[in-house]
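Structure record follows, encoded as structure tokens.
Numbering of residues begins at 1 and proceeds along the displayed sequence. Quick caveat: nothing in here was measured; it's all calculated off a predicted structure.
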Amino acid sequence: MHISFLELFIPIIGILVGWFAVSLGDQPVGLVIWGLYLLLLISVSKPLAQWISGEIDAFDPLGLLALFAVHFFGVTPMYQYASASYPYLQWDSVTNGWVVYWFAVNSILMSAFFFVLTKKSSGIVFLSRERLNCEQPVATALYEKAIAYKIRGVAIFLLVIAVALKALILAKFGGLGGIMSAYQDRLEQGVTQYNPLAGLGALVYLSDAAPVLASIVIVLTCVIIKPVRYSAWGGWMLAIGIPVSFLYVGLVGSRSNTVYTAFILLCYASMFWRKLRAINIIIGGVLMVIFMNSYLAYKFGGIDAVFDENAKKAAFAARQLENPLEFLLIRDFGRMDVQVLAMREMFDEDYPPAWGRSYIGGVFSIVPSAIFPGRPENFTLEKTEIVFPGMTLNGEKATTLVFGGAGEAWVNWKWLAPLVIIPYYFVVVLCVFYFRYGALGGWNKFLCPVYSLVPIALLVYDSNSMLYFLAQFALCPLIISLKIKKHPFFCNSW
């Protein structure tokens, strides 16, 4: 078996990064955790080496997942354990003892996952990549242009609907300033007391798909007039699209929507104009952290905290935030503490398993409450009872913390969680890989960014958040892709 120098070098770099993260805290990290971290680094070294060297695409799901796994299951949890920083959670020595079990379960399972996927004998990932080399019949220029007009018409129709929905939402609040004012009131009163978007969830997420739909319209226009790869269209799309997406979807406190929209635009630019490399993604990741860290002031303090330093300090003090960057890495890019808490509650405190109830609530959460007033509670019910022991979900107390896919699985299935989530995650990710590599030469090109994000989103989100993610970023591209699928020659010609 050939092992490249880069594959050997990655675990060394990973250990140095982990050592630096741990050195920022005061609590020592045991050899068991270090050993599990090293196992994870070894398992991801092959896809990471391929990703960094350009052997696989910069938006390859396996490469991005490997990079994210080092952070999500390694660097951030080790830093959090060493610094003993657990914002908003009741943490004691008993809970702390469960951290090693969390590392053991996640490191071993994810390492096995990567070892299986990177074995050529596993087949599906490598076979699907080889599909790209197959020659397919292509459309004539006249046919291609005619079909592109039809498909662009569908995209424009969906874009008009999305913009109309956004206009209705803006009208409800009296314009952009009204939405910002409503968000300020939400911060002051608390989301359990006042949620300005209550009952509008599905409409909001569908309307927020407009920036992605606009980029699809631009791509299809380029197919029609043929400036693809010969013009600055991709650059203009990014230069205009990313700031507009911030104004369009970011002013209600959602940083992730802005980041995902920017990621999708970058993926389209890489596919249709100028191919990006891993270094571009790494630079983009650094800019993302800077943006999300800067945006914390608005998220927690509203517009006043952006321009008033005293208001910013007051907002952070109210949230007990001494180090905003630390909070960002732990809360937005990590789930260790809440998942450890879920494991302890399930096994030490005998919290009753939900047995799939939270998933049912998650499915119905996308239905507006005006249509289904008595819809089942989503995972917020169980999360609130775990984060605030002895309390139950009511109008005054609810947690907004996200447990991630594994955390929700523990709460639903207890000891059975690994037997449920491992096959589910494995099958979903394999399907993502299969369709994603086929998409590069097939009918579902516009779903490529979603395929790249889904394996990571499954780790980060609860079921209801995952459904919102799919509604916002996958539904409209899927409709357009199904339209393209009806014209197989067109699929292979652009």
Side-chain angles (χ1 to χ4, degrees), residues 139-172 176 200 202-250 257-258 260-273 439 442-451 453 468-494:
T140 63
L142 189 61
Y143 175 84
E144 176 186 329
K145 184 174 289 191
I147 299 304
Y149 270 114
K150 290 183 180 180
I151 297 169
R152 188 181 65 168
V154 174
I156 291 174
F157 175 72
L158 293 173
L159 176 60
V160 169
I161 291 176
V163 172
L165 289 174
K166 178 63 76 172
L168 288 173
I169 294 169
L170 285 172
K172 172 179 168 61
L176 201 60
L200 300 174
L203 300 181
V204 170
Y205 282 91
L206 289 174
S207 70
D208 284 349
V212 173
L213 285 167
S215 67
I216 292 175
V217 171
I218 291 173
V219 170
L220 290 169
T221 301
C222 289
V223 172
I224 292 169
I225 64 177
K226 283 297 182 185
V228 182
R229 304 186 190 283
Y230 303 102
S231 73
W233 278 65
W236 282 112
M237 184 180 75
L238 295 175
I240 297 173
I242 292 177
V244 168
S245 69
F246 167 70
L247 293 173
Y248 195 88
V249 304
N257 286 350
T258 306
Y260 286 140
T261 302
F263 178 91
I264 291 172
L265 297 185
L266 284 168
C267 188
Y268 287 159
S270 180
M271 289 168 58
F272 297 108
W273 284 286
W443 55 273
N444 50 349
K445 283 188 177 78
F446 290 123
L447 286 168
C448 274
V450 179
Y451 293 142
L453 288 170
Y468 281 131
F469 167 83
L470 294 174
Q472 180 173 348
F473 297 110
L475 180 60
C476 290
L478 176 61
I479 293 171
I480 295 168
S481 297
L482 292 174
K483 181 68 175 177
I484 294 173
K485 190 179 181 182
K486 296 179 179 179
H487 308 281
F489 284 6
F490 177 75
C491 297
N492 304 307
S493 62
W494 56 300

Do V219 and K445 have side chains that approach each other closer than 4.5 Å (heavy atoms only, starting at C-beta)?
no
Determine the minimum heavy-atom distance between [X] and [Y], stating which atoms define it.
X    : Y    : value
C476 : L213 : CB-CD2, 3.6 Å
S207 : I169 : OG-CD1, 3.8 Å
A474 : L447 : O-CD2, 3.8 Å
L220 : A155 : CD1-CB, 4.3 Å
L206 : L165 : CB-CD1, 4.1 Å
C448 : M271 : CB-SD, 3.7 Å

Contacts of type ring pair (Phe, Tyr, Trp, His ring centres under 6.0 Å), residue F263, not counting sequence neighbours
F59
Rounded to the nearest 0.5 Å, what's the gap from [atom1] on [X] to [atom2] on [Y]? Could you check?
X    : Y    : atom1 : atom2 : result
Y149 : T221 : OH    : OG1   : 8.5 Å
F473 : L453 : CZ    : CG    : 8.5 Å
I480 : I151 : CD1   : CD1   : 9.0 Å

Going by side chain to side chain contact (heavy atoms under 4.5 Å, CB included), R152 matches just one of L159, I218, V217, I216. Which one?
V217
Between Y268 (side chain only) and F446 (backbone N and O only), is there a donor and an acceptor less than 3.5 Å apart?
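Present.
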Could you check whether any side-chain N or O of T261 sits under 3.5 Å from a backbone N or O of N257, counting only pairs where one atom can act as donor and the other as acceptor?
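The answer is yes, because a donor-acceptor pair under 3.5 Å joins these two groups.
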